[in-house]
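Everything on this sheet refers to the single structure shown next.
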Amino acid sequence: MIGDSRKKKLNNRDTSKRNVIIQWGVLIGILFVVIIVLLWHFSMTSKEAAKQTVHGDLMADSAACADDINAMVSSITSAGQAIAAVIGDENITEQSTWLRYSQLLSSSIPTPCAIAIVDMDGNGVSNVTPQVDLSQKDYFVQTRTQKYLITENDGILGNKAYVSVVPIKYKGESIGMIYMCIPASELAPIFPVYGFDGKASFAIVSKNGEILSRFGAESYFTTGSSLMNNLRSSELIDITFAKLSMRLENQVNFSFSAKKNGEEKAFISVPVGIGDWQYITVINQSHVDMLETKGWSTASNMVRNIIIAVCMFLEMIILIAVINKFRYNSESKQLADKADTDLLTDLYNKIATERRIQEFMDENSDTQCLMFLFDIDNFKKINDTMGHAFGDEVLRSLGHQLKSEFRVTDIMGRTGGDEFILFLKNIKSDEQLEREGNRITNFFHQFKAGEYVKYSATASIGAAVYPRDAKNFRDLYKTADLALYEAKRRGKNQLVFYNKELDAVSMEKREPVPIDNDGTKA
């Protein structure tokens, strides 16, 4: 027998070791699978990540250039609007005064530009020549709102220029206009013509694709007067022609690629924020591919993914440890519950009952509670006349019915052969004490046990109130036991609450109560 026992222990130990090895083997296998999957995923997604990063940087660079154009033109426009407001508010029509204002405006802005102040027919003055007639110029427009235009010849200095037109209003009606012509050469430094691979092209187009201005290297796509016409016959990549037209019309940031006549270009389009101008950067696709490859070849993403895999591995180990701990705690609790339970009645046993009641008292010293201490009347006679099996059935039925009758939060325990404790928590008032007393009395008046033979067992019950009668379990039990003894003395089958009068007479002077042969009070 001893050898078989040792062999069984060794087999159990080996099984446990094998289980540990299997667990670690599974974890390591999962780790390798995760690493392989991550490396494969890295190879598939790093290109896309590099592409998004490169295009994001190109978009940011183009947006910065567009912002610079906007800032230069808008600052000049703001100055012109201030002068127009002064002229309009005072209804100044003398051209000699207009001349002074044009010169004042010219000196107040940092960017050199030709400034003309004219009436609605285009006749007026400029800061360059005393008299100007713009009526025949391609950019002349009678307007009631501020506008932005681009002309190949401003008619004043003879330059290609970006024109900001500000109306002069008197009582809501336009009486003249201020034309501020910014030479294209002043905006040229904004365009990074030597950036990228030195072969980039730049253009400002309208929302319908008309090319208003171009800089940088020559390209098929920026020749002629219409970008859309050039793209219409091209092979578009990552976008359809309809979507391209819609995005240009809506003036949003977007990018795409196109092929034509041996050129493969990447396009970055951002709104300038002036009129309907859109700033277009046209870059060799080979240069963009080189930037993407450079970003893709870095090992930082791989290192990061490997770190993620290691972290996942550690998390799995922690998770398994937590699960094992939870399982261990659950099994420990089940064992503890079994150790605290009386197997016959499914109530707490004597030790668990005393411990749980004392713990509640320690944590709730001011909460009124009620203890019932009771045992079955003439239980020895039940065993002698109906058998011990039926006696056990009486005790079992009593335990189950007590659990059905009272709250799960109350403490119910079997503390002896036929002795029970019922500890009711949180008794709010004396009226509730009385109700609970009537409740347990009625319980035993209706109590029946036995599956085929229904036996009505009675009980003698002693009751004590915490903390009124005692402040710990031991003393409360003693007071409840005195009340139980009194219930026996009065003839059994009744409930007695403890009172001080029961202490007045010592136990030696009480009338003896018959004791059954098994040691329980009859």
Side-chain angles (χ1 to χ4, degrees), residues 66-95 97-99 101-102 104-106 108-111 113-127 132-156 159-184 186-187 203-213 225 246-252 269-279:
D67 289 343
D68 289 342
I69 296 171
N70 181 295
M72 178 180 291
V73 178
S74 295
S75 64
I76 294 173
T77 300
S78 297
Q81 289 171 337
I83 295 297
V86 172
I87 296 174
D89 289 343
E90 297 180 8
N91 193 21
I92 299 172
T93 58
E94 295 83 9
Q95 292 194 2
T97 305
W98 286 2
L99 180 60
Y101 276 119
S102 68
L104 174 64
L105 178 57
S106 177
S108 66
I109 56 179
T111 304
C113 64
I115 299 171
I117 302 177
V118 300
D119 58 20
M120 299 303 291
D121 295 325
N123 295 313
V125 300
S126 77
N127 63 328
V132 292
D133 181 3
L134 303 182
S135 60
Q136 302 303 313
K137 303 305 178 186
D138 61 349
Y139 61 91
F140 176 75
V141 59
Q142 293 180 333
T143 182
R144 298 172 62 113
T145 60
Q146 198 274 321
K147 290 184 178 296
Y148 295 102
L149 307 166
I150 296 179
T151 180
E152 291 296 321
N153 188 336
D154 60 19
I156 301 174
N159 295 325
K160 177 179 180 179
Y162 297 82
V163 184
S164 174
V165 187
V166 178
I168 301 172
K169 294 184 179 181
Y170 174 67
K171 294 183 178 181
E173 295 294 328
S174 296
I175 62 173
M177 292 162 289
I178 299 178
Y179 286 78
M180 292 165 286
C181 305
I182 309 168
E186 293 297 325
L187 272 72
I204 295 178
V205 303
S206 65
K207 64 181 180 180
N208 60 9
E210 178 186 1
I211 298 176
L212 304 176
S213 182
S225 60
M246 182 178 63
R247 291 178 182 178
L248 198 62
E249 174 73 18
N250 293 335
Q251 293 190 288
V252 297
S269 178
V270 297
V272 178
I274 293 176
D276 63 352
W277 294 357
Q278 195 83 356
Y279 175 71

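These values consider heavy atoms only, across backbone and side chains, with no hydrogens, waters or symmetry-generated copies. Computed from a predicted model, the values in this text were never measured in an experiment.
The CD1 atom of Ile204 lies 7.5 Å from the CG atom of Leu212; values are rounded to the nearest 0.5 Å. In this structure, CG in Asp276 is found 9.5 Å from NZ in Lys147, a value given to the nearest 0.5 Å. In this structure, CG on Leu104 lies 10.5 Å from CD1 on Ile109, to the nearest 0.5 angstrom. In this structure, NZ on Lys171 lies 11.5 Å from CG on Asp89, to the nearest 0.5 angstrom. Between Ile83 atom CD1 and Leu105 atom CG the span is 5.5 Å, to the nearest 0.5 Å.
In this structure, Tyr162 and Ala184 approach most closely via the heavy-atom pair CE1-CA, 3.7 Å. Nearest heavy atom pair, residue Ser174 against residue Thr143, reads OG-O, 3.3 Å. The minimum heavy-atom distance between Ala161 and Asp154, with the atom names listed, is CB-CB, 4.1 Å. In plain terms, the two heavy atoms of Ala114 and Ile156 that are nearest each other are CB-CG2, 3.8 Å. Heavy atoms only, all atoms of each residue included: Ile150 and Trp277 are closest at CG1-CZ2, 3.7 Å. In terms of heavy-atom proximity, Val166 sits nearest to Met180 at CG2-CE, 3.5 Å.
Judged as a side chain to side chain donor-acceptor pair (under 3.5 Å), the pairs with a partner in residues 113-126 (not counting sequence neighbours) are, in order, Ser126-Thr129.
Within the 4.5 Å cutoff, the side chain of Lys137 has no heavy atoms near those of the Thr151 side chain. No side-chain heavy atom of Pro271 sits under 4.5 Å from any side-chain heavy atom of Val252. With contacts defined as side-chain heavy-atom distances shorter than 4.5 Å, the pair Ile178/Ile168 qualifies. Looking only at side-chain heavy atoms (C-beta outward), Val118 and Tyr179 come within less than 4.5 Å of each other. Contact of the Asp67 side chain with the Ile69 side chain is not registered, since no non-hydrogen atoms from C-beta on lie closer than 4.5 Å. Using a 4.5 Å cut-off on side-chain heavy atoms (C-beta onward), Ile87 and Thr97 make no contact. In this structure, the side chains of Cys113 and Pro183 come closer than 4.5 Å at one or more pairs of heavy atoms.
Between the side chain of Gln142 and the main chain of Gly122, no donor-acceptor pair closer than 3.5 Å is present. Between the side chain of Trp98 and the backbone N or O of Ile92, at least one donor-acceptor pair lies under 3.5 Å. Judged purely by atom type and a 3.5 angstrom limit, Ser225 has no side-chain atom pairing as donor or acceptor with the backbone of Ile211. Not one N or O on the side chain of Tyr170 forms a donor-acceptor pair closer than 3.5 Å with the backbone of Glu90. Of the possible donor and acceptor atoms, one in the side chain of Ser74 sits under 3.5 Å from a partner among the backbone N and O of Asn70. No side-chain donor-acceptor contact under 3.5 Å links Gln146 to the backbone of Ser164. Judged purely by atom type and a 3.5 angstrom limit, Arg144 uses its side chain to pair as donor or acceptor with the backbone of Gly172.
Remark: Asn208 pairs with Ser206, Glu210 by the side chain to side chain contact (heavy atoms under 4.5 Å, CB included) rule, at least two apart or across chains. With sequence neighbours left out, the side chain to side chain contact (heavy atoms under 4.5 Å, CB included) criterion links Asn153 to no other residue. Residues passing the side-chain hydrogen bond (donor to acceptor under 3.5 Å, both in side chains) test with Lys160 are Ser213, sequence neighbours excluded. In this structure Phe140 satisfies the ring-ring contact (aromatic ring centres under 6.0 Å, His included) test with no other residue, sequence neighbours excluded. Residues satisfying the salt bridge (charged side-chain N to carboxylate O under 4.0 Å, His left out) criterion with Lys207, sequence neighbours excluded, are Glu249.
A donor atom on one side chain and an acceptor atom on the other are not found under 3.5 Å apart for Thr111 and Glu186. When only modelled atom types and interatomic distance are considered, Asn127 and Ser102 share no side-chain donor-acceptor pair under 3.5 Å.
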Would Ile175 and Met120 count as a side-chain contact (heavy atoms from CB on, under 4.5 Å) here? Give the steps. CA-CA 6 Å; Ile175 62 173; Met120 299 303 291; 5.6 Å; no

What verdict does the side-chain contact (heavy atoms from CB on, under 4.5 Å) test give for Ile274 and Thr77, after you've listed the backbone C-alpha separation in whole Å, the side-chain angles of each residue and the deciding distance to 0.1 Å? CA-CA 11 Å; Ile274 293 176; Thr77 300; over 6 Å; no

